[in-house]
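The figures here come from the full heavy-atom set of this structure, side chains too, leaving out hydrogens, waters and symmetry mates. Fair warning: this is a prediction, and the values are worked out from it, not measured in the lab.
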Protein chains: 2
Amino acid sequence: MVNPLIRKLEHFARLTSGERQALERVVQTTRRLGPREDVIRDGDRPRHVNLILEGWACRYKQLEDGRRQVISIFLPGDLCDPHVFVLRKMDHSLGTLTPVLLAEIPEAAIREISAESRTLSEALWWEMLVTAAIQREWTVSLGQRLATERLGHLFCELFMRLKAVGLTSETSCEFPITQADLGDAMGLSTVHINRTLKELRAAGLIRLRGRQLTIPDFAALRAASLFDPAYLHHERDPSILHDD
Amino acid sequence: MVNPLIRKLEHFARLTSGERQALERVVQTTRRLGPREDVIRDGDRPRHVNLILEGWACRYKQLEDGRRQVISIFLPGDLCDPHVFVLRKMDHSLGTLTPVLLAEIPEAAIREISAESRTLSEALWWEMLVTAAIQREWTVSLGQRLATERLGHLFCELFMRLKAVGLTSETSCEFPITQADLGDAMGLSTVHINRTLKELRAAGLIRLRGRQLTIPDFAALRAASLFDPAYLHHERDPSILHDD
DNA sequence: CGAACGATGTAACCTTCGTGAATTCCGAAG
DNA sequence: CTTCGGAATTCACGAAGGTTACATCGTTCG
């Protein structure tokens, strides 16, 4: 299995085999976690950069009274906070949603690869800026979109991000998270997530059974959700953009 | 008037006079805009880094059907996207909320100051990471907090950010934006913003008249809004943290 | 094979917030 | 001082989504 980070960055930059090897080398120590475990907790001092190799994880923040917001979802190939060391303490937690295999990358390794290659340095910048753009798009979703649009938009986003690391078939992908977690991510109650999924299913926009999501007509879901993939910044490799 | 960026960064790093001068020098060309003008539009190619010197601005995104989400608010001393050049096109717009004076900083100038001084480089990293943390906190607000909490939290945040650049008195600050803009930022209708402000006023948590916000008892507003300033990462200079 | 548990699905009712339409306030321009 | 226009305020009503409670489904584990 190829390091999914390489696969993702190759949509942005043409990597030499040396650069690819440099990226392989950052994966030294790995760590396996079960579902619903914390990788690092709010208030802890960050010790390394986490790279997701398998499984789904998330950032989340828990309020004093128990309310929980999932702030972002991490998929294979996602780097969690490549420059977090500047800050002393985490202001949120990182946790798994499913069983996860992650690489623990030391600060120095990140510095080295971006010092060695301008291409890699730019590619890491691209990765960070896209992460920020995704965060902004979630702000838009939570602020403006109705429940159906919000969920539809999330499905479009996750499908495209999974596609970028080769984890989709033509119209389907794994979708291993619970409705409760979806609710925490989209700022909706579990009950309403369920209602909304029912509606999207009834409209023929998605199929969701077990841990499998199918989007039979991406263009339709995209239109229904006002999804515009520009914020994922695949402008240098538009092959991945569905334009059906 | 001192460059407010310097003032802000000094809460994080002890700057030499040389470093302070380097930061002054990045302000070469400035630009004055009226209220409600666009600095740069969704889809445009970014040409420089914008530094707010006076006035309030915002990131926003407009959906096809007219809905508008203000994604972040920029105050004096805020840098808008110091490394935006890696991406070809803006995925959102930057606009003013009030009359604004901003500095247009060329890409090269940013590179230079972070190459010259490790301290400045780290300080710019800190600034970027705090911006990201603020974005995450907005996600939490939009996802989980009720209208009163959401507004109260925003008031706490903006007050502390203004304090960091010396734009507050003991309990007051300028608050020059309209209820409509507040609504677009917090994902609430203008009417509901108005209702909520009334409620916060009635509870004695804020006074808001004209363009002036007063927070008579910061600790009270903080408690009512579940505001925890940790995400602003003033851990190296806690003097600014209200702990009344 | 059955118990136990987590996840999903549904229903009834309630709360928060949005909509549309006036009305009032206030600061700037004449 | 008056006028004007944007901003603030208020009201009545309706829609979106939350809450509580319970039933069902499916896996895993004994």
Side-chain angles (χ1 to χ4, degrees), chain A residues 34-37 56 63 65-70 96-99 141-154 174-203 206-213 224-225, chain B residues 34-37 56 63 65-70 96-99 141-154 174-203 206-213 224-225:
Chain A
R36 278 156 220 298
E37 281 185 40
W56 291 27
L63 303 184
D65 62 7
R67 280 175 284 177
R68 173 175 182 259
Q69 177 67 35
V70 167
T96 63
L97 296 168
T98 70
S141 274
L142 292 176
Q144 301 296 329
R145 291 193 245 264
L146 299 172
T148 48
E149 299 168 328
R150 232 183 266 187
L151 268 179
H153 196 279
L154 181 71
E174 292 278 304
F175 204 85
I177 72 178
T178 68
Q179 296 185 0
D181 286 330
L182 268 182
D184 286 347
M186 296 289 98
L188 297 167
S189 69
T190 319
V191 173
H192 201 61
I193 290 284
N194 192 284
R195 282 200 273 257
T196 307
L197 288 174
K198 188 179 172 182
E199 196 178 331
L200 288 173
R201 258 189 298 246
I206 61 161
R207 266 173 292 159
L208 184 56
R209 266 204 23 252
R211 346 226 58 144
Q212 194 77 11
L213 169 69
S225 317
Chain B
R36 277 154 221 298
E37 282 185 41
W56 291 27
L63 302 185
D65 62 5
R67 280 176 282 176
R68 173 176 183 258
Q69 176 68 35
V70 167
T96 63
L97 296 168
T98 70
S141 274
L142 292 176
Q144 301 297 329
R145 291 192 245 264
L146 298 171
T148 47
E149 298 167 329
R150 232 183 266 188
L151 268 178
H153 196 278
L154 181 70
E174 292 277 305
F175 204 84
I177 72 178
T178 68
Q179 296 186 2
D181 287 329
L182 268 181
D184 287 347
M186 295 290 97
L188 296 167
S189 69
T190 320
V191 173
H192 201 62
I193 291 284
N194 192 282
R195 283 199 273 257
T196 307
L197 287 174
K198 188 178 172 183
E199 196 179 329
L200 288 173
R201 258 188 299 245
I206 60 162
R207 265 173 292 160
L208 183 57
R209 259 188 31 110
R211 349 227 54 146
Q212 195 76 9
L213 169 68
S225 318

>> Whether the side chain of B:T98 engages the backbone of B:P35 through a donor-acceptor N/O pair (distance < 3.5 Å, no angle test) should be reported.
In response: no
>> Check whether B:T190 reaches the backbone of B:A180 with its side chain - one donor and one acceptor, N or O, closer than 3.5 Å.
In response: no
> With a 4.0 Å cut-off on heavy atoms, is B:R36 in touch with a base, just the backbone sugar-phosphate, or nothing at all?
Replying inline: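 Touches sugar-phosphate only.
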> For DNA chain C, what residues of residues 191-200 of chain A have any heavy atom nearer than 4.0 Å?
Replying inline: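 Of all residues in residues 191-200 of chain A, the ones placing a heavy atom under 4.0 Å from DNA chain C are A:V191, A:N194, A:R195, A:K198.
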> Does any residue of residues 183-190 of chain B have a heavy atom under 4.0 Å from DNA chain C, and if so, which ones, in number order?
Replying inline: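 Residues of residues 183-190 of chain B under 4.0 Å from DNA chain C: B:G187, B:L188, B:S189.
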> For residues B:R150 and B:H153, is any side-chain donor paired with an opposing acceptor at under 3.5 Å?
Replying inline: no
Check the distance between [N]'s [atom2] and [X]'s [atom1] and give it to me in whole angstrom.
| X | N | atom1 | atom2 | answer |
| --- | --- | --- | --- | --- |
| A:I206 | C:dT8 | CD1 | C1' | 14 Å |
| A:Q69 | D:dG18 | CD | P | 12 Å |
| B:Q144 | D:dG18 | CD | C1' | 12 Å |
| A:L182 | C:dG9 | CG | P | 12 Å |
| B:E149 | C:dC17 | CD | P | 9 Å |
| B:R145 | C:dC17 | CZ | C1' | 18 Å |
| A:R67 | C:dT16 | CZ | P | 12 Å |

> Using rotation axes that map the C1' atoms of four end pairs onto the next four (five pairs an end), what angle separates the end axes of the helix from C:dC1-D:dG30 to C:dG30-D:dC1, to 10°?
Replying inline: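 Comparing the first five pairs with the last five, the axes sit 40° apart.
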> Given D:dT9, C:dT8, C:dC17, which nucleotide is nearest the side-chain atoms of B:Q179?
Replying inline: D:dT9
> How would you list, by chain and number, every residue that makes a salt bridge (charged side-chain N to carboxylate O under 4.0 Å, His left out) with A:R145, sequence neighbours excluded?
Replying inline: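 Per chain and number, A:R145 pairs via salt bridge (charged side-chain N to carboxylate O under 4.0 Å, His left out) with A:E137.
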> Quick one: is D:dT27 close enough that its OP1 or OP2 comes under 4.0 Å of any side-chain N or O from A:R211?
Replying inline: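 Indeed not, no polar side-chain atom of A:R211 lies that close.
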> Pick one: which of B:R68, B:Q179, B:Q69 meets side-chain hydrogen bond (donor to acceptor under 3.5 Å, both in side chains) with B:D184?
Replying inline: B:R68
> How long is the span from the CZ atom in B:R201 to the OG1 atom in B:T196, to the nearest 0.5 Å?
Replying inline: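 Result: 10.5 Å between the selected atoms.
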> What is the per-nucleotide protein-contact pattern of nucleotides 22-30 of chain C, from the 5' end, where B denotes a base atom under 4.0 Å from a protein heavy atom, S denotes such proximity for sugar-phosphate atoms only, and - denotes neither?
Replying inline: ---------
> Which is it for B:R36 and B:T178 under the side-chain contact (heavy atoms from CB on, under 4.5 Å) test, yes or no, and what are the steps along the way?
Replying inline: CA-CA 11 Å; B:R36 277 154 221 298; B:T178 68; 3.4 Å; yes
>> Under the side-chain contact (heavy atoms from CB on, under 4.5 Å) test against A:M186, which residue among A:L154, A:V70, A:D181 passes?
In response: A:L154
Donor-acceptor pairs under 3.5 angstrom involving side-chain atoms of residues 206-213 of chain A: please list them, not counting sequence neighbours.
unit_1: A:R211; atom_1: NH2; unit_2: A:P176; atom_2: O; d: 3.3

> Are A:K198 and A:R195 close enough that some pair of their side-chain heavy atoms sits under 4.5 Å apart?
Replying inline: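 No, every pair of side-chain atoms sits at 4.5 Å or beyond.
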